[in-house]
Amino acid sequence: MEKKPMKGQKKIGIDEIARELGCSKTTVSRAISGKGRISDGTRKRVLEYCEQCGYRPNSLAKGLADSKTYNIGVVLPDDQDLNEIPFFQNCLLGICEMATGMGYDAVVTTASAKDISTIKNMIEKHKVDGVILTRTLVEDPSVDYLLEQGVPFIVAGSHKNPNVLQVDNHHVEACRELTSLLLTNRASRIAFIGGNLDHMVSQKRFAGFRAGMALHQRSIKDELVFLNCNTKVLVGQAVETILKQQADCILCMDDKICNQVLMKLNEEHLSIPKDIKVASFYDNLFLQCHNPAITALQFDEKELGRVACKMILDSIAGKTIKQKVYLGYDIVLRPSTKQNNFLSL
DNA sequence: CGAAATTGGGTTGCATCTCA
DNA sequence: TGAGATGCAACCCAATTTCG
């Protein structure tokens, strides 16, 4: 075939570079990959020519040779939480950042407990080398499926099966510490509003709350604990009951619930922290900017994404990695849980 | 119609060449 | 003679095309 320069549009491959430089494509491949024996002079010559002609490796071809796709699947939850909880976007940003840096692309899909067909499609059609699950359920069909298929995957969260790669924040410890801090700060009747207990993270946070209460020899009062509050209406009803029960602090399992609590308290014309204190087991910008700002646990979700991605890609590359990694947290005390002056000793 | 060849660009095991 | 440099050719995989 006659080779004609096509105004920079023509994609050149290592064959043409080899022909141009009078060497074999093996030599070109070695110069580019840095693998195998090659003289410094030859490597320099090849790399210079690659630079000059704007060579870009064809990742499909590389994938073919390596039996890899160089894609990593990212599964987000298929529900409205996606819009309301910034966690997933931030986690995804971290994943994409790390994936790009490691020569991979992120292929994003959504799935739910009821329907994991998107994940099956990804795997069956060989679109990805591995998968990152950004939410885990106590009974998780995605995890079961990926285990069954022997697909490399990691959960950005926790799972009961110790053989599953996991990276998570220290939710139990963090929630225990914040609960304990609130109790130390003279919150005497703490009410708890939690979301879907099917989610692993909800289990962890609730466990942390119980541990914090136990630390102060407080019993969990059924009339002050509201779980599986999945809707704004349920949260609103919980707040109404909590107010009747004269709790002095509402502890919210996550930022979405906390937003709904704040809206409800606003409707009721209640003042924070004078009438009631509020804290959240998850932070977000809205809670930070709220007046008064809301005490919350802060996690670096972007870092969580980065670490999850690095772990699974390292694992795919055959490196030995830790089975479970924990990331830290910060407790950010803000005016929403400040002691009222007249209560101070 | 089924079987075999071809296609894509890069990687790699092994053979061969070169030169001190 | 042997270590380093280089090249040949099979291979990756699955869809598509060609052949008998």
Side-chain angles (χ1 to χ4, degrees), chain A residues 1-75 95-111 115-133 142-154 165 306 308-321:
Chain A
M1 282 288 276
E2 183 72 22
K3 56 172 175 1
K4 309 171 189 162
M6 293 168 72
K7 293 177 186 171
Q9 289 298 311
K10 176 92 174 82
K11 291 176 195 162
I12 77 158
I14 62 171
D15 258 329
E16 284 161 88
I17 295 170
R19 212 180 308 130
E20 208 62 38
L21 294 176
C23 63
S24 75
K25 60 180 192 170
T26 306
T27 303
V28 176
S29 173
R30 285 188 186 130
I32 293 164
S33 70
K35 294 177 193 165
R37 281 208 287 231
I38 186 169
S39 71
D40 287 345
T42 307
R43 173 180 292 120
K44 191 155 171 269
R45 203 160 65 93
V46 172
L47 293 180
E48 268 171 11
Y49 185 77
C50 287
E51 175 75 33
Q52 185 192 320
C53 67
Y55 167 75
R56 289 284 173 275
N58 182 326
S59 61
L60 280 179
K62 183 169 165 50
L64 184 60
D66 295 343
S67 294
K68 284 183 179 165
T69 65
Y70 291 101
N71 288 326
I72 186 78
V74 182
V75 183
I95 291 171
C96 290
E97 186 186 302
M98 183 59 72
T100 304
M102 294 179 74
Y104 268 75
D105 289 306
V107 175
V108 180
T109 190
T110 58
D115 182 9
I116 62 162
S117 57
T118 52
I119 301 179
K120 287 184 174 172
N121 185 56
M122 239 183 201
I123 302 305
E124 283 165 9
K125 293 184 178 166
H126 308 268
K127 295 195 176 194
V128 296
D129 295 339
V131 172
I132 301 173
L133 300 176
S142 310
V143 170
D144 296 342
Y145 171 74
L146 294 170
L147 277 174
E148 183 189 303
Q149 296 295 314
V151 176
F153 74 104
I154 187 167
L165 289 183
R306 280 192 212 103
C309 186
K310 176 156 176 37
M311 281 174 71
I312 189 63
L313 294 186
D314 278 348
S315 171
I316 289 168
K319 295 186 191 167
T320 314
I321 57 162

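Chain letters run A, B, ... following the sequence lines, proteins first and then strands; every chain starts at 1. Values below: every heavy atom of this structure, side chains too, minus hydrogens, waters and symmetry copies. For clarity, every value in this text was computed on a predicted model and none was experimentally measured.
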For [X] and [N], give me the distance from atom [atom1] to atom [atom2], rounded to whole Å.
{"X": "Tyr70(A)", "N": "dG10(B)", "atom1": "OH", "atom2": "P", "answer": "13 Å"}
{"X": "Leu60(A)", "N": "dG8(B)", "atom1": "CG", "atom2": "P", "answer": "14 Å"}
{"X": "Lys44(A)", "N": "dA5(C)", "atom1": "NZ", "atom2": "C1'", "answer": "18 Å"}
{"X": "Arg30(A)", "N": "dG9(B)", "atom1": "CZ", "atom2": "P", "answer": "20 Å"}
{"X": "Ile32(A)", "N": "dG10(B)", "atom1": "CD1", "atom2": "P", "answer": "7 Å"}
{"X": "Lys25(A)", "N": "dC11(C)", "atom1": "NZ", "atom2": "P", "answer": "14 Å"}
{"X": "Lys35(A)", "N": "dG10(B)", "atom1": "NZ", "atom2": "C1'", "answer": "10 Å"}
{"X": "Arg19(A)", "N": "dG9(B)", "atom1": "CZ", "atom2": "P", "answer": "11 Å"}

Nearest-0.5 Å distance that lies between atom CG in Asp115(A) and atom OG in Ser117(A):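 Taking CG in Asp115(A) and OG in Ser117(A), the distance rounds to 3.5 Å.
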
Shortest non-hydrogen separation from Ile72(A) to Val131(A) and the atoms involved: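 Reported closest heavy-atom pair: CD1-N, 3.8 Å.
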
Nearest heavy-atom neighbours spanning Ala18(A) and Ser24(A):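 It is CB-C, 3.5 Å.
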
Nearest to the side chain of [X], heavy atoms from C-beta on, is which of [options]?
{"X": "Ser67(A)", "options": "dT11(B), dG7(C), dC12(C)", "answer": "dC12(C)"}
{"X": "Thr26(A)", "options": "dG7(C), dG10(B), dG8(B)", "answer": "dG7(C)"}
{"X": "Arg37(A)", "options": "dA14(C), dG10(B), dG4(C)", "answer": "dG4(C)"}
{"X": "Lys62(A)", "options": "dG7(C), dC13(C), dT11(B)", "answer": "dT11(B)"}

Touch class at under 4.0 angstrom, heavy-atom based, for Leu64(A) against every strand present: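 Base contact.
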
When you measure from the side-chain N and O atoms of [X] to the phosphate of [N], is any distance below 4.0 Å, counting only OP1 and OP2?
{"X": "Ser29(A)", "N": "dT11(B)", "answer": "yes"}
{"X": "Ser33(A)", "N": "dG10(B)", "answer": "no"}
{"X": "His126(A)", "N": "dA14(C)", "answer": "yes"}

Flag, side chain of Ser315(A) to backbone of Met311(A), donor-acceptor distance under 3.5 Å: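 Answer holds: no.
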
Flag, side chain of Asp129(A) to backbone of Thr69(A), donor-acceptor distance under 3.5 Å: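 Here the side-chain-to-backbone pair exists.
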
